[in-house]
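Below you'll find the structure, written out as structure tokens, and then a few comments.
Residue numbers start from 1 in every chain, and the chains themselves are labelled A, B, ... in the order their sequence lines are given, proteins ahead of strands.
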Protein chains: 2
Amino acid sequence: MTALKIRSPRKPKGQGAERREEILDAALKLFSSKGLHTVSTRQIAEMVGISQPALYAYFATKDDITAELCIRAFAILVERMEAARADFRPTAECFEKALRVYVDFGLQNPDAYRVAFMVEKGLDGTYKERVGDRPMMAGIGAFQRFAEIVGEMRDAGLTHDDDVQRMTQTLWAGLHGLVSLLIARADFPWVEREVLIACHISLLRRGALKGVA
Amino acid sequence: MTALKIRSPRKPKGQGAERREEILDAALKLFSSKGLHTVSTRQIAEMVGISQPALYAYFATKDDITAELCIRAFAILVERMEAARADFRPTAECFEKALRVYVDFGLQNPDAYRVAFMVEKGLDGTYKERVGDRPMMAGIGAFQRFAEIVGEMRDAGLTHDDDVQRMTQTLWAGLHGLVSLLIARADFPWVEREVLIACHISLLRRGALKGVA
DNA sequence: CCCATCATTGATCGGTGATAAGTTATCACT
DNA sequence: AGTGATAACTTATCACCGATCAATGATGGG
């Protein structure tokens with residue numbers, strides 16, 4: 001019988017279909033500890049336990065690996081933003097809490113954050129051509145969740161700026177600056193971290209909202 | 001005569017001592033057009049008109065070239081910050097102008113800015129060991145000029161926060177976020193750039209200063 | 001005129017991302 | 001069991017990278 005045979009996945013030497021996950025895990029681990037540029041495909045392959053060319057069966061390019069990690073990082077961020085939006089009401093307190101969700105995400109997932117927002121993508125556009133703008137689309141997705149929250153604040157008449165996109169981009173930039181600097185320049189003589197974060201978020205809140213000086 | 005012979009610079013084939021400047025000029029030009037990672041020492045050498053190993057007579061490492069460019073760029077920033085401070089009076093207008101000096105500098109020297117604040121320095125510290133923190137120190141020099149301006153605003157009783165370091169770090173993070181994202185994510189669907197900058201600076205000003213809602 | 005000096009170079013090293021061709025193992029089907 | 005197709009993987013290799021080194025060649029001093 002076997003009227004219609006479903007192609008079953010083979011698992012010859014390694015764990016088969018999980019191989020791709022193993023590669024991503026190894027890559028993220030290595031990127032986190034050694035930095036993106038200093039990690040080679042051979043190192044990734046060695047950690048997975050396969051030969052270096054074997055990677056290219058799952059990813060066309062090294063950049064594709066980082067792009068995939070980037071997309072996943074954004075997915076996590078989207079998840080958290082949606083959670084934050086679930087019990088959101090347009091108040092200054094909720095607003096600050098949403099900003100903190102972003103900061104906490106970045107600081108709790110510094111590796112993912114690095115890959116998502118701090119990776120240098122060549123100016124000539126070769127990266128974009130090869131990898132497509134899927135990572136960018138994922139980023140915009142996360143951004144839009146944030147925009148929805150800002151939109152609710154605007155609708156409640158609490159924001160200084162009526163343009164949601166503009167205000168969201170500004171706030172995002174403000175948050176990203178703090179997170180990226182804390183991650184990339186951990187050895188800078190920062191003021192105590194929690195104090196700095198609270199101070200920064202307060203500043204953004206004062207700058208964004210009306211009548212909460 | 002010639003009681004004391006000054007070592008006269010030799011100019012065997014090229015222009016001698018100016019060679020170093022030529023290298024820096026070529027490197028900056030290439031970095032600007034093609035991005036930091038995709039430019040090779042051979043390309044730099046070819047543009048200067050010398051062989052690739054000849055570079056290493058002037059710079060110990062490729063990173064040293066970028067570091068030198070970075071330091072020079074920040075010298076310019078310090079210069080601009082001091083110029084901004086020269087005719088600075090503790091008003092909201094002057095304050096915004098100072099913020100804009102930083103943003104303009106970053107956008108006009110994206111490669112130097114990258115090297116100073118956005119380049120991934122392997123967490124193992126190999127980069128730092130080779131090149132030192134001279135680029136970052138140069139950046140911090142500019143940071144301190146900025147702190148002086150914030151200090152004047154505080155002394156005039158215009159800031160929300162009395163702690164100058166804390167406030168300066170917060171503002172710096174806010175500015176850095178905008179600059180670094182505009183540089184690294186140039187293809188993001190940003191609101192019109194000038195508008196976004198103005199909006200961002202206004203937000204930071206509202207968040208930092210009292211009674212200028 | 002010769003020599004010491006030093007900027008400069010071709011050759012080369014280990015390492016990189018990526019490709020091509022060949023090998024092995026598993027499958028469907030007889 | 002045997003066969004062909006194919007997926008998974010490997011070895012060998014390519015062009016290029018940053019960096020090093022012995023050799024080259026021009027220069028100025030004695």
Side-chain angles (χ1 to χ4, degrees), chain A residues 1-23 26-27 30-31 34-67 119-122 124 126-127 129-131, chain B residues 1-23 26-27 30-31 34-68 119 122 126-127 129-131:
Chain A
M1 289 300 124
T2 70
L4 186 58
K5 202 67 177 212
I6 300 286
R7 168 69 58 85
S8 66
R10 286 181 64 239
K11 309 184 178 183
K13 286 196 169 175
Q15 280 73 29
E18 291 90 0
R19 190 52 44 100
R20 188 182 167 91
E21 298 299 321
E22 295 175 35
I23 294 172
L30 286 172
F31 287 160
K34 306 179 62 175
L36 250 129
H37 303 299
T38 63
V39 173
S40 70
T41 54
R42 282 164 179 84
Q43 289 173 300
I44 298 173
E46 189 187 8
M47 175 168 280
V48 176
I50 59 178
S51 69
Q52 177 250 357
L55 296 176
Y56 292 83
Y58 302 94
F59 301 94
T61 240
K62 186 190 179 186
D63 285 336
D64 284 334
I65 299 178
T66 70
V119 169
E120 285 204 61
K121 316 190 171 181
D124 50 1
T126 55
Y127 175 90
E129 283 170 17
R130 272 209 303 266
V131 117
Chain B
M1 293 299 129
T2 69
L4 187 60
K5 203 73 180 206
I6 302 285
R7 168 68 57 86
S8 65
R10 288 182 64 240
K11 308 184 179 183
K13 287 196 167 174
Q15 281 72 30
E18 291 88 1
R19 193 47 51 91
R20 188 181 166 92
E21 298 299 321
E22 294 176 37
I23 293 172
L30 287 172
F31 286 159
K34 305 178 62 176
L36 261 137
H37 304 297
T38 62
V39 174
S40 70
T41 54
R42 284 165 177 83
Q43 289 172 301
I44 299 173
E46 190 188 7
M47 175 169 280
V48 177
I50 58 178
S51 70
Q52 179 248 0
L55 295 177
Y56 291 83
Y58 302 94
F59 300 93
T61 242
K62 186 190 179 186
D63 285 336
D64 284 335
I65 299 178
T66 68
E68 182 76 32
V119 162
T126 55
Y127 174 90
E129 282 170 16
R130 270 210 306 266
V131 115

Q | Base of C:dG17 paired with side chain of A:Arg42 (donor-acceptor, under 3.5 Å) | A | yes

Q: Tell me which nucleotide among D:dT20, C:dT16, D:dT11 gets nearest to the side chain of A:Gln43.
A: C:dT16

Q | Closest to the B:Ser40 side chain, choosing from D:dA8, C:dT19, D:dG18 | A | D:dG18

**Q.** Pairwise side-chain contact, A:Gln52 with A:Ile44, heavy-atom cut-off 4.5 Å (strictly under)
**A.** no

Q. Could you give the CD-to-P distance, from B:Gln52 to D:dA19, as a whole number of Å?
A. 8 Å

Q. Looking only at side-chain N and O atoms, does A:Thr41 come under 4.0 Å of OP1 or OP2 in C:dA18?
A. no

Q) Which part of the nucleic acid, if any, lies within contact of B:Ala54, taking any heavy atom under 4.0 Å across all strands shown: a base, the sugar-phosphate backbone alone, or nothing? A) base

Q.
In this structure, how many angstroms lie between the P atom of D:dC16 and the CD atom of B:Glu46, rounded?
A. 12 Å

Q.
Quick check against the 3.5 Å criterion: does B:Glu21 have a side-chain atom that pairs as donor or acceptor with the backbone of B:Glu18?
A. no

Q. Does any non-hydrogen side-chain atom of B:Met47 lie less than 4.5 Å from one of B:Glu22?
A. no

Q: In whole angstrom, give the distance that lies between atom CD of A:Glu22 and atom C1' of D:dA8.
A: 13 Å

Q: Mind calculating the distance between NE2 (B:His37) and P (C:dT16) to the nearest angstrom?
A: 16 Å

(Q) If you only use heavy atoms from C-beta on, which nucleotide in D:dG18, C:dA18, D:dC9 is closest to the side chain of A:Arg19? (A) D:dC9

Q | Any donor-acceptor N/O pair, B:Ser40 side chain to B:Gln43 backbone, under 3.5 Å | A | yes

**Q.** B:Ile50 CD1 to C:dT9 P, straight-line distance once rounded to whole Å
**A.** 6 Å

(Q) I need the OH-P distance between B:Tyr58 and C:dC6, as an integer number of Å. (A) 14 Å

**Q.** A:Phe59 CZ to D:dA8 C1', straight-line distance once rounded to whole Å
**A.** 15 Å

Q.
I want to verify a distance call: between D:dC9, C:dA18, C:dT8, whose nearest atom is closest to the B:Ser51 side chain?
A. C:dT8

Q | Separation of C:dT8 C1' from B:Leu55 CG (nearest whole Å) | A | 11 Å

Q: Starting at OG of B:Ser51, measure out to CD of B:Glu46 and round the result to the nearest 0.5 Å.
A: 12.0 Å

(Q) Which nucleotide wins on minimum distance to the side chain of A:Pro53, given the candidates D:dA19, C:dA20, C:dG17? (A) C:dA20

Q.
Under 4.0 Å, heavy atoms only, any strand: does A:Val48 hit a base, just the sugar-phosphate, or nothing?
A. nothing

